[in-house]
> 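One structure follows; several queries about it will come next.
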Amino acid sequence: MRRLLPLLVIVLAGCAGRPRREAPPAPAAPPPTAAVTEAVPQPEARSAHGNPPFYDVNGQRYVVLANADGFVERGVASWYGPDFHGKNTASGERYDMYAMTAAHRTLPIPCYARITNLSNGRSVIVRINDRGPFASNRIVDLSYSAATKLDIVRHGTAFVELRTVDTLTDAAAAATEAPPPPAPQPPAVSAPGPLEPTAPLALYVQVGAFADPANAQRVLARLQSAQITNAFVVTTGNAAHPLQRVRVGPVATVDQFDQLVAQLGTLGYSEARLATD
């Protein structure tokens, strides 16, 4: 079904671009979330499916990356579950909402990434084997189990950091390192109570980064004239190569982030992204 690029585009748009609200229900007896372990990174051949040079969904072109080395992205995560359980992913595998997997628009399939919830510090490793999400301002679509472990299911979305895992390095290290001595067994404890969230990071929307301070000031003035009063410029980098970053915020919720990004888009700043302090 992916022999021709136009058909591949249709498949990708169908699997991940449309609302996930029309598939069969999930199995009646899911495994306990605590029993689902995170994905174990291992070298894998690039999938024969889901890795075209590029593809188009909803009028937007996405270029698939040649490799996943050193990829880091911050933004909003969503999740998909019962509606697509058992259906084909872009890789051709069956989607299992109880496995530790995820969908990404441009990372090669398969690859592995650590996803960290920036609001509570929780993180898991997932195997990326699908394409999506194609909703605005979303960078990764998590399986039900991955989203549950990150405490995302209740709200549906969360600010996250995605950082790919170098499977070749990890595999080589595991083969050469001596096994550690057995750790002492901890005393038995009762089941944990509700999550105690950690202090969230300060999150901002970055409008742009400029080597010329005058350019940064022009953007700042335009934002302020549009009544975006919490815009500011922060200098980063070193003394020899400083960068003037125009940011807005902080932003506290995904709804606030979405509204701000939409407003910036109307001003011509379509590349605005999430940034941490």
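As a basis for the values below, the full set of heavy atoms in this structure was taken, side chains included, without hydrogen atoms, waters or symmetry mates.
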> For the aromatic rings, using the six-membered ring if either is Trp, is the centroid distance between Tyr55 and Tyr62 under 6.0 Å?
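Yes, they do, as the ring centres are separated by less than 6.0 Å.
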> If we ignore angles and hydrogens, is there a donor and acceptor under 3.5 Å between the side chains of Ser143 and Ser145?
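Note: Ser143 and Ser145 side chains miss the donor-acceptor criterion.
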> Is it the case that the side chain of Thr157 and the backbone of Ser78 share a donor-acceptor pair, with hydrogens and angles ignored and the cut-off at 3.5 Å?
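Here the side-chain-to-backbone pair does not exist.
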> Could you check whether Glu271 pairs with Arg273 (Lys NZ or Arg NE/NH1/NH2 to Asp/Glu carboxylate O, under 4.0 Å)?
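Result for this pair is no, no salt bridge flagged.
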> Using modelled atom types only, decide if a donor and an acceptor are shared between the side chain of Arg222 and the backbone of Leu267 within a distance under 3.5 Å.
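Looks like yes, one N/O pair under 3.5 Å.
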> Taking the six-membered ring for Trp, are the ring centroids of His104 and Phe71 within less than 6.0 Å of each other?
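Centroid distance His104-Phe71: below 6.0 Å, so yes.
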> Taking the side chain from Thr164 and the backbone from Ala68, do they hold a donor-acceptor pair closer than 3.5 Å?
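Between the backbone of Ala68 and the side chain of Thr164 there is a qualifying donor-acceptor contact (under 3.5 Å).
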> So that I know where these two stand, are Tyr144 and Tyr80 an aromatic pair - ring centroids less than 6.0 Å apart?
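Ring centroids of Tyr144 and Tyr80 are no less than 6.0 Å from each other.
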> Is there a donor-acceptor pair closer than 3.5 Å between any side-chain N or O of Arg122 and the backbone N or O of Lys149?
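A pair under 3.5 Å: yes.
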> Quick one: do the Thr236 and Arg245 side chains pair a donor with an acceptor below 3.5 Å?
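Yes, because at least one side-chain N or O of Thr236 sits under 3.5 Å from a partner of the opposite role on Arg245.
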> Got a donor-acceptor contact below 3.5 angstrom from the Asp141 side chain to the Trp79 backbone?
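Yes, because the side chain of Asp141 sits within donor-acceptor range (under 3.5 Å) of the backbone of Trp79.
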> Val36, Tyr95: one ILVMFWY side-chain cluster at the under-4.5 Å cut-off?
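Yes, Val36 and Tyr95 fall within the same hydrophobic cluster.
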> Hey, is the main chain of Met97 close enough, under 3.5 Å, to the side chain of His85 for a donor-acceptor pair?
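Indeed, once roles are kept as given, a pair shorter than 3.5 Å links the two residues.
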> Please tell me whether Tyr269 and Leu203 are part of a single hydrophobic cluster in this structure, the criterion being side-chain heavy atoms less than 4.5 Å apart.
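Looking at the clustering, Leu203 is in the same group as Tyr269.
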> Could you tell me whether Glu93 and Arg127 have a side-chain N and a carboxylate O separated by less than 4.0 Å?
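Yes, Glu93 and Arg127 are salt-bridged.
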> Say whether, by atom type as modelled, one donor and one acceptor occur between the side chain of Asp56 and the main chain of Gly59 under 3.5 angstrom.
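A pair under 3.5 Å: no.
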> Taking Gly86's backbone N and O only, do any of them form a donor-acceptor pair with Arg94's side chain (distance below 3.5 Å, no angle check)?
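Yes; judged by distance alone, with no hydrogens or angles, the pair exists.
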> Assess the side chains of Glu161 and Thr116: does a donor N or O sit below 3.5 Å from an acceptor N or O?
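No donor-acceptor contact under 3.5 Å links the two side chains.
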> Does Asn117 use its side chain to pair, donor to acceptor, with the backbone of Leu150 at less than 3.5 Å?
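Indeed, once roles are kept as given, a pair shorter than 3.5 Å links the two residues.
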> Is the closest side-chain heavy-atom distance between Leu274 and Phe159 below 4.5 Å?
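In contact.
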> Considering only NZ, NE, NH1 and NH2 on the basic side and carboxylate oxygens on the acidic side, decide whether Asp96 and Lys87 come within less than 4.0 Å.
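Looking at Lys87 together with Asp96, the answer is no, because their closest N to O distance does not fall below 4.0 Å.
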> Which residue in the set Asp212, Val234, Val233 passes side chain to side chain contact (heavy atoms under 4.5 Å, CB included) when paired with Gln244?
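Among Asp212, Val234, Val233, the one that satisfies the side chain to side chain contact (heavy atoms under 4.5 Å, CB included) with Gln244 is Val233.
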